[in-house]
Amino acid sequence: MPDDLRAQIEPLHEIVAAAGWNILMVDGVEADDVIGTLTHAASQQGVRCIVSTGDKDLTQLVNPHVLWVNTMSDEKLGEAGVEAKFGVRPDRIVDYLTLVGDTVDNVPGVTKCGPKTAVKWLAEYGTLDNLIAHAGEIKGVVGDNLRAALDWLPLGRKLVTVKCDVPLPMAYDQLAAPAQDTEKMRELLTRFGFKTWLRELDSGKSANSAPSPSQGEGWGGGNVRKDSTPTLTLP
């Protein structure tokens, strides 16, 4: 990592902590797997979870209790939204990404297999495993490409799968958001020249407020009920 980039890590952590967010880092564990484990544990207990990211891989975590939110584009995807966007249900996202490839995870996928082909295959065969079992039935060049990738597909699937069972130093219910340290935030934002964030801070906008899923798609494809159900937000 370049020195000028490394030097930004600690100040960024200071700002995040002062803004009222927990920081959970686990040596040797990818951030996606930490998020996946927390989300799985919380959703199993009926806790609503907001996974805030632009990474499409994490749409595999979406279920009736989990909403995927891209705060950069304000896109919100529940189960119906994932299927509308990708053509497959959240529980088939791993199979879909294994076929089309994922440059972020260095997964090449099946040559010439685009989203339409992947959706068609999964609609016909249901799962990647069943598609592999019937690979001999796929005709044409794309069928040849599929058969050429058979040995590599299991590894590709492993690479795009978010782990949901990694050991963590604390449970999701120990991550109650700490209070925002406004003065510390102001000092840090002033020091590093974040003028827009300073204006937001001075206007009273909360830095640790969860993105609202009440506009656009919410859990189950509709708006979220404003009730006492606890919500875990994972940026």
Take His13 and Met25 through the side chain to side chain contact (heavy atoms under 4.5 Å, CB included) test and state the conclusion after the steps. CA-CA 11 Å; His13 287 174; Met25 296 182 294; 3.5 Å; yes
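- At least one side-chain heavy atom of Thr39 sits under 4.5 Å from a side-chain heavy atom of Val51.
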Passes side chain to side chain contact (heavy atoms under 4.5 Å, CB included), Leu97 versus Asp57? Steps please. CA-CA 8 Å; Leu97 291 175; Asp57 289 19; 3.4 Å; yes
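- Side-chain contact between Pro167 and Val29 is absent, with no heavy atoms from C-beta onward closer than 4.5 Å.
- Using a 4.5 Å heavy-atom cutoff, the side chains of Glu187 and Glu183 are not in contact.
- Looking only at side-chain heavy atoms (C-beta outward), Pro90 and Leu61 stay at 4.5 Å or farther from each other.
- Salt-bridge formation is not detected for the pair Glu30/Lys163: no Lys NZ or Arg NE/NH1/NH2 atom is positioned less than 4.0 Å from an Asp or Glu carboxylate oxygen.
- Here the CD atom belonging to Glu83 is positioned 12.0 Å from the CG atom belonging to Leu77, to the nearest 0.5 angstrom.
- Considering all non-hydrogen atoms of both residues, Ala171 and Gln174 come closest at N-OE1, 2.7 Å.
- Contact check on Lys76 versus Asp74 returns a salt bridge, with a Lys/Arg side-chain nitrogen under 4.0 Å from an Asp/Glu carboxylate oxygen.
- A distance of 5.5 Å separates CG in Leu188 from CD1 in Ile15, rounded to the nearest 0.5 Å.
- Taking both residues in full, the closest heavy atoms of Leu153 and Leu146 are given as CD1-CD1, 4.0 Å, listed atom of the first, atom of the second, then distance.
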Donor-acceptor pairs under 3.5 angstrom involving side-chain atoms of residues 109-130: please list them, not counting sequence neighbours.
unit_1, atom_1, unit_2, atom_2, d
Tyr125, OH, Glu137, OE1, 2.9
Thr127, OG1, Asn130, N, 3.1
Asp129, OD1, Arg157, NH1, 2.9
Asp129, OD1, Arg157, NH2, 2.9
Asn130, OD1, His134, ND1, 3.3
Asn130, ND2, Tyr125, O, 2.8

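- Of all heavy-atom pairs spanning Val62 and Glu79, the tightest one is CG1-N, 3.5 Å.
- Salt bridge status for Arg199 with Asp202: absent, with no side-chain N to carboxylate O gap under 4.0 Å.
- In terms of heavy atoms, Cys49 sits closest to Ala42 at SG-CB, 3.6 Å.
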Residue pair Arg147, Ile138: steps toward the side chain to side chain contact (heavy atoms under 4.5 Å, CB included) verdict: CA-CA 9 Å; Arg147 289 182 284 277; Ile138 309 299; 4.3 Å; yes
